[in-house]
Amino acid sequence: MQYEINRRCPKCGKITKNSDYCNYCGTLINTNLRRKLEREERERKRQKKEEVEKPDAITAFFEKVRNHSNPIIRVVALAFYSVWVVVLAIGAFLAYIFAYIAA
């Protein structure tokens, strides 16, 4: 048994039966389909933005060295990367402390 689905078009106000698009003006009236299309469009924009953004020199270097074929180079790069992260964490903590004192 099939049920009839009546949807009112938000643009022209006419009722359409069993359709995702308005038969009169062609507007998308299925809310679930509209949300799905919006999510896909946001995902495409996010992926395009990630493709356009280029990493800075340090990040590009560590990405390249992390996948190097020589294991010694990978270990040395990991050690330097760990030191770099610790230095950044200390800097962020000091900035937080100075901002807290200043406020």
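The figures that follow rest on heavy atoms only: side chains count, while hydrogens, waters and symmetry mates do not. Treat the numbers as computed from the prediction; the structure is a model and nothing was measured. Residues take their numbers from the sequence shown, with the count starting at 1.
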Novice: Surrounding CZ of R46 (heavy atoms of other residues, nucleotides or ligands, distance under 6.0 Å), is the total greater than 12?
Specialist: yes
Novice: Using 4.0 Å as the upper bound for N to carboxylate O, is an ion pair formed by R39 and E43?
Specialist: no
Novice: Any link between L88 and F61 through a network of hydrophobic side chains (Ile, Leu, Val, Met, Phe, Trp, Tyr) touching at under 4.5 Å?
Specialist: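 Linked, L88 and F61 end up in one cluster.
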Novice: So does D20 pair up with R7, basic N to acidic O under 4.0 Å?
Specialist: yes
Novice: Are I101 and Y96 connected in a single hydrophobic cluster, I mean Ile/Leu/Val/Met/Phe/Trp/Tyr linked by side-chain heavy atoms less than 4.5 Å apart?
Specialist: yes
Novice: Do I29 and T16 have side chains that get closer than 4.5 Å, going by heavy atoms?
Specialist: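 They are in contact (side-chain heavy atoms under 4.5 Å apart), so the answer is yes.
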Novice: Does any non-hydrogen side-chain atom of L37 lie less than 4.5 Å from one of L28?
Specialist: yes
Novice: Checking K45 against K49 for the side-chain contact (heavy atoms from CB on, under 4.5 Å) test, could you report, in this order, the C-alpha distance in whole Å, the side-chain angles of both residues, the deciding distance, and whether it holds?
Specialist: CA-CA 6 Å; K45 285 181 182 178; K49 183 179 176 184; over 6 Å; no
Novice: In terms of hydrophobic clustering (I, L, V, M, F, W, Y; side-chain heavy atoms under 4.5 Å; direct or indirect links), are V65 and V85 co-clustered?
Specialist: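 Per the 4.5 Å side-chain linkage, V65 and V85 are co-clustered.
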Novice: Do L94 and V86 belong to the same hydrophobic cluster, where Ile, Leu, Val, Met, Phe, Trp and Tyr are linked whenever their side-chain heavy atoms lie under 4.5 Å apart, directly or via other members?
Specialist: yes
Novice: Within the distance-only criterion (no hydrogens, no angle test), does the side chain of R74 pair as donor or acceptor with the backbone N or O of R66 below 3.5 angstrom?
Specialist: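 Here the side-chain-to-backbone pair does not exist.
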Novice: What distance separates F98 CZ from F93 CZ, expressed to the nearest 0.5 Å?
Specialist: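 Separation between the atoms: 10.0 Å.
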Novice: Does any non-hydrogen side-chain atom of Y21 lie less than 4.5 Å from one of L33?
Specialist: yes
Novice: Would you say N23 and S19 make side-chain contact, with heavy atoms under 4.5 Å?
Specialist: yes
Novice: Counting only heavy atoms not in F62, do more than 12 sit closer than 6.0 Å to its CZ atom?
Specialist: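 Above 12, so yes.
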Novice: Just checking I72: does its CD1 atom have more than 12 heavy atoms from other residues, nucleotides or ligands closer to it than 6.0 angstrom?
Specialist: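 No.
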Novice: Please answer: with hydrophobic residues joined when any side-chain heavy atoms are less than 4.5 Å apart, are F80 and I73 in the same cluster?
Specialist: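 Yes, same cluster.
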Novice: Give a yes or no answer on whether the side chain of R8 reaches the backbone of G13 with a donor-acceptor pair at less than 3.5 Å.
Specialist: yes
Novice: Working to the nearest 0.5 Å, report the span between OG1 of T27 and CZ of R34.
Specialist: 9.5 Å
